[in-house]
Number of protein chains: 2
Amino acid sequence: MANLSDIIEAFIKEMFDDIPGGILEIQRNEMANQFRCAPSQINYVLTTRFTLERGYFVESRRGGGGYIRIKKLKIREDEFLRDIIEYIGESISGSDAKAIIERLWEEAVITEREMRILCAAVNKYNLPLSPLDRNIIRARIMKAIITAIMDFEARKGGEL
Amino acid sequence: MANLSDIIEAFIKEMFDDIPGGILEIQRNEMANQFRCAPSQINYVLTTRFTLERGYFVESRRGGGGYIRIKKLKIREDEFLRDIIEYIGESISGSDAKAIIERLWEEAVITEREMRILCAAVNKYNLPLSPLDRNIIRARIMKAIITAIMDFEARKGGEL
DNA sequence: ATATCTTGACTTTCCCTGACCTTCATTTAT
DNA sequence: ATAAATGAAGGTCAGGGAAAGTCAAGATAT
């Protein structure tokens with residue numbers, strides 16, 4: 001946890017705990033000031049950490065009385081999993097894969113133990129292939145596992 | 001006399017003595033500097049010495065504030081699982097894999113849901129490789145997953 | 001002779017900033 | 001009352017820098 005972006009990310013996520021509605025409003029300059037960084041740093045954090053894939057939606061308004069609004073999205077599980085499969089596509093990097101797996105856990109689609117299993121299964125060091133092939137195989141494995149989870153839940157009534 | 005790689009390996013292993021959680025974070029360049037070697041030497045040591053078979057799990061991140069994280073897996077307790085890992089070896093067929101996975105379920109090492117996940121992950125159709133390569137990758141994935149399970153169970157109660 | 005080690009050049013990923021741009025509300029001038 | 005000016009937000013983008021990754025080729029050891 002060395003870099004500023006991680007710290008700001010954690011800070012914002014903590015703010016959500018105090019906001020029951022799941023909608024957060026911040027001021028870019030104020031925040032930049034608080035962390036003694038360039039205002040665009042806030043944009044960087046938002047675009048890299050609070051993306052749609054990670055379950056957030058960001059809106060903003062400029063001018064006097066402007067704001068940045070961050071919304072934590074609610075999901076419908078079946079749709080959610082289909083979207084993830086689509087997002088994965090034919091090939092996926094290790095870091096993208098990790099983000100998805102963590103999201104699955106945050107959304108309580110998988111258990112912590114399953115998260116560890118998944119991470120291990122798609123880890124670079126456990127897939128001794130060329131980077132290109134590795135990303136392809138990783139995509140296959142992830143999609144297969146998510147499909148298996150969907151199928152399992154569909155057959156068996158839904159408790160985790 | 002021992003070569004550099006051996007020395008670095010021993011050094012890293014000693015670092016674990018001071019880290020009770022079993023998770024170590026290093027900086028590649030700093031370490032290379034310390035040993036007056038090329039940074040890629042560190043990668044060499046990691047890929048040859050800190051492998052899954054030897055009970056380590058490595059993750060990393062690039063860029064400012066980057067790191068290399070080495071996790072010492074807690075795997076020594078379970079003889080049954082160790083035997084299975086040994087049996088898997090460097091390569092395993094689909095049918096052997098399936099048999100092992102079912103056995104794990106019968107022994108209550110994994111849940112039914114995890115059984116499905118595992119089966120999906122090592123299924124032939126999800127590993128579009130030559131039969132030879134597929135068996136090798138399958139072996140890696142299975143060992144990685146079993147190791148992850150052992151580690152997870154061993155850590156339960158302790159902190160991450 | 002073979003396997004293992006070591007290096008260096010090049011690549012990729014990620015972080016952070018500063019200069020410049022756009023939008024909006026409010027105030028001021030006509 | 002309207003139009004222009006002002007100031008206060010937030011947005012964008014390119015670029016520099018800081019890591020770690022890859023690979024092939026040469027060096028060393030067995």
Side-chain angles (χ1 to χ4, degrees), chain A residues 1-12 24-51 53-54 56-71 91-99 122-135 138, chain B residues 1-12 24-51 53-54 56-71:
Chain A
M1 259 315 209
N3 62 51
L4 227 198
S5 293
D6 285 341
I7 293 169
I8 295 175
E9 175 190 5
F11 180 81
I12 293 175
L24 191 60
E25 236 173 62
I26 63 171
Q27 304 277 124
R28 189 179 79 150
N29 286 343
E30 182 192 294
M31 192 141 226
N33 212 42
Q34 196 172 330
F35 287 100
R36 300 222 180 84
C37 62
S40 54
Q41 175 82 39
I42 307 301
N43 296 86
Y44 177 74
V45 173
L46 291 174
T47 53
T48 55
R49 268 77 166 175
F50 292 86
T51 62
E53 299 88 46
R54 289 166 133 102
Y56 294 90
F57 182 73
V58 178
E59 309 175 272
S60 63
R61 203 163 122 186
R62 309 186 190 192
Y67 58 80
I68 296 175
R69 189 177 292 159
I70 311 169
K71 207 183 289 190
S91 172
I92 189 168
S93 73
S95 51
D96 278 355
K98 190 138 190 272
V122 301
N123 181 277
K124 181 172 69 163
Y125 293 97
N126 297 328
L127 297 175
L129 297 164
S130 76
L132 223 71
D133 287 342
R134 180 159 55 225
N135 286 355
R138 184 185 288 121
Chain B
M1 181 36 210
N3 55 43
L4 225 201
S5 291
D6 289 338
I7 294 170
I8 295 174
E9 175 189 4
F11 180 81
I12 293 175
L24 190 59
E25 243 175 51
I26 63 170
Q27 305 275 125
R28 189 181 77 150
N29 286 344
E30 182 192 292
M31 192 139 225
N33 213 41
Q34 199 171 327
F35 287 99
R36 306 233 168 77
C37 62
S40 54
Q41 176 84 39
I42 308 301
N43 295 87
Y44 178 74
V45 173
L46 290 174
T47 52
T48 56
R49 267 77 167 177
F50 292 85
T51 62
E53 289 80 20
R54 299 184 186 211
Y56 294 90
F57 183 75
V58 179
E59 304 176 277
S60 64
R61 198 159 121 187
R62 308 187 192 191
Y67 58 79
I68 295 175
R69 188 178 294 157
I70 310 168
K71 187 170 173 187

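Letters A, B, ... mirror the listed sequences (proteins, then strands); counts begin at 1. Values in this document were obtained by computation on a predicted structure and should not be read as measured data.
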Could you go over nucleotides 11-13 of chain C and give all protein N or O partners under 3.5 Å, atom names and distances?
| residue | atom | partner | partner atom | Å |
| --- | --- | --- | --- | --- |
| dT12(C) | O4' | R62(B) | NH1 | 3.4 |
| dT12(C) | O2 | R62(B) | NH1 | 2.5 |
| dT13(C) | O2 | G63(B) | N | 3.4 |

Item checked: N-O pairing of E59(B) and K124(A) below 4.0 Å -> no
Notebook entry, point to check: Should D6(A) and R61(B) count as an ion pair when the cut-off is N to O under 4.0 Å?
Noted result: yes
Check: Taking for each residue the nucleotide of DNA chain D with the nearest heavy atom, is it L46(B) or Y67(A) whose nucleotide lies nearer the 5' end?
Finding: Y67(A)
Using OP1 and OP2 only, check whether a side-chain N or O of [X] sits under 4.0 Å from [N].
{"X": "S5(A)", "N": "dC16(C)", "answer": "yes"}
{"X": "S60(A)", "N": "dA9(D)", "answer": "no"}
{"X": "R61(A)", "N": "dA25(C)", "answer": "yes"}

Checklist line | Side-chain donor or acceptor of T51(B) paired with backbone N/O of T48(B) under 3.5 Å | finding: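 No: the side chain of T51(B) does not pair with the backbone of T48(B).
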Check: Quick check: does any side chain N or O of S40(B) sit under 3.5 Å from a backbone N or O of N43(B), one acting as donor and the other as acceptor?
Finding: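 No: the side chain of S40(B) does not pair with the backbone of N43(B).
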For atom [atom1] of [X] and atom [atom2] of [N], their distance in whole Å:
{"X": "N3(A)", "N": "dG17(D)", "atom1": "CG", "atom2": "C1'", "value": "14 Å"}
{"X": "L4(B)", "N": "dG26(D)", "atom1": "CG", "atom2": "C1'", "value": "16 Å"}
{"X": "I26(A)", "N": "dA9(D)", "atom1": "CD1", "atom2": "C1'", "value": "13 Å"}
{"X": "I68(A)", "N": "dT12(D)", "atom1": "CD1", "atom2": "P", "value": "10 Å"}

Just so I know, are the side chains of [X] and [Y] near enough to count as touching, which here means a heavy-atom distance under 4.5 Å?
{"X": "F35(A)", "Y": "I7(A)", "value": "yes"}
{"X": "I12(A)", "Y": "R49(A)", "value": "no"}
{"X": "K71(B)", "Y": "Y56(B)", "value": "no"}

Pairwise N/O distances under 3.5 Å, protein to nucleotides 2-6 of chain D:
none

Item checked: Close residues, residues 122-130 of chain A, relative to DNA chain D [heavy-atom separation under 4.0 Å] -> K124(A), Y125(A)
Checklist line | Residue-level proximity of residues 28-44 of chain A to DNA chain D when a heavy atom falls under 4.0 Å | finding: R28(A), N29(A), S40(A), N43(A)
Next item on the list: Would you mind classifying the nucleic acid contact of R49(B) as base, sugar-phosphate or nothing, using non-hydrogen atoms under 4.0 angstrom?
Entry: sugar-phosphate
Next item on the list: Measure across G66(B) and Q27(B) and return the closest heavy-atom pair with its distance rounded to 0.1 Å.
Entry: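 Closest pair (atom of G66(B), atom of Q27(B), distance): O-OE1, 3.1 Å.
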Item checked: Worked check of side chain to side chain contact (heavy atoms under 4.5 Å, CB included) between N29(B) and N33(B) -> CA-CA 6 Å; N29(B) 286 344; N33(B) 213 41; over 6 Å; no
Next item on the list: Among dG10(D), dA20(D), dC5(C), find the nucleotide with the atom closest to the side chain of D6(B).
Entry: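 The answer is dC5(C), which lies nearest to the side chain.
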Check: Do F50(B) and F57(B) have ring centroids that are under 6.0 Å from one another?
Finding: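 No, ring centres 6.0 Å or more apart.
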Next item on the list: Just jot down the side chain to side chain contact (heavy atoms under 4.5 Å, CB included) partners of S60(A), sequence neighbours excluded, or say none.
Entry: I68(A)
Next item on the list: Kindly state each residue pair satisfying salt bridge (charged side-chain N to carboxylate O under 4.0 Å, His left out) with at least one member in residues 25-36 of chain A, sequence neighbours excluded.
Entry: E25(A)-R69(A)
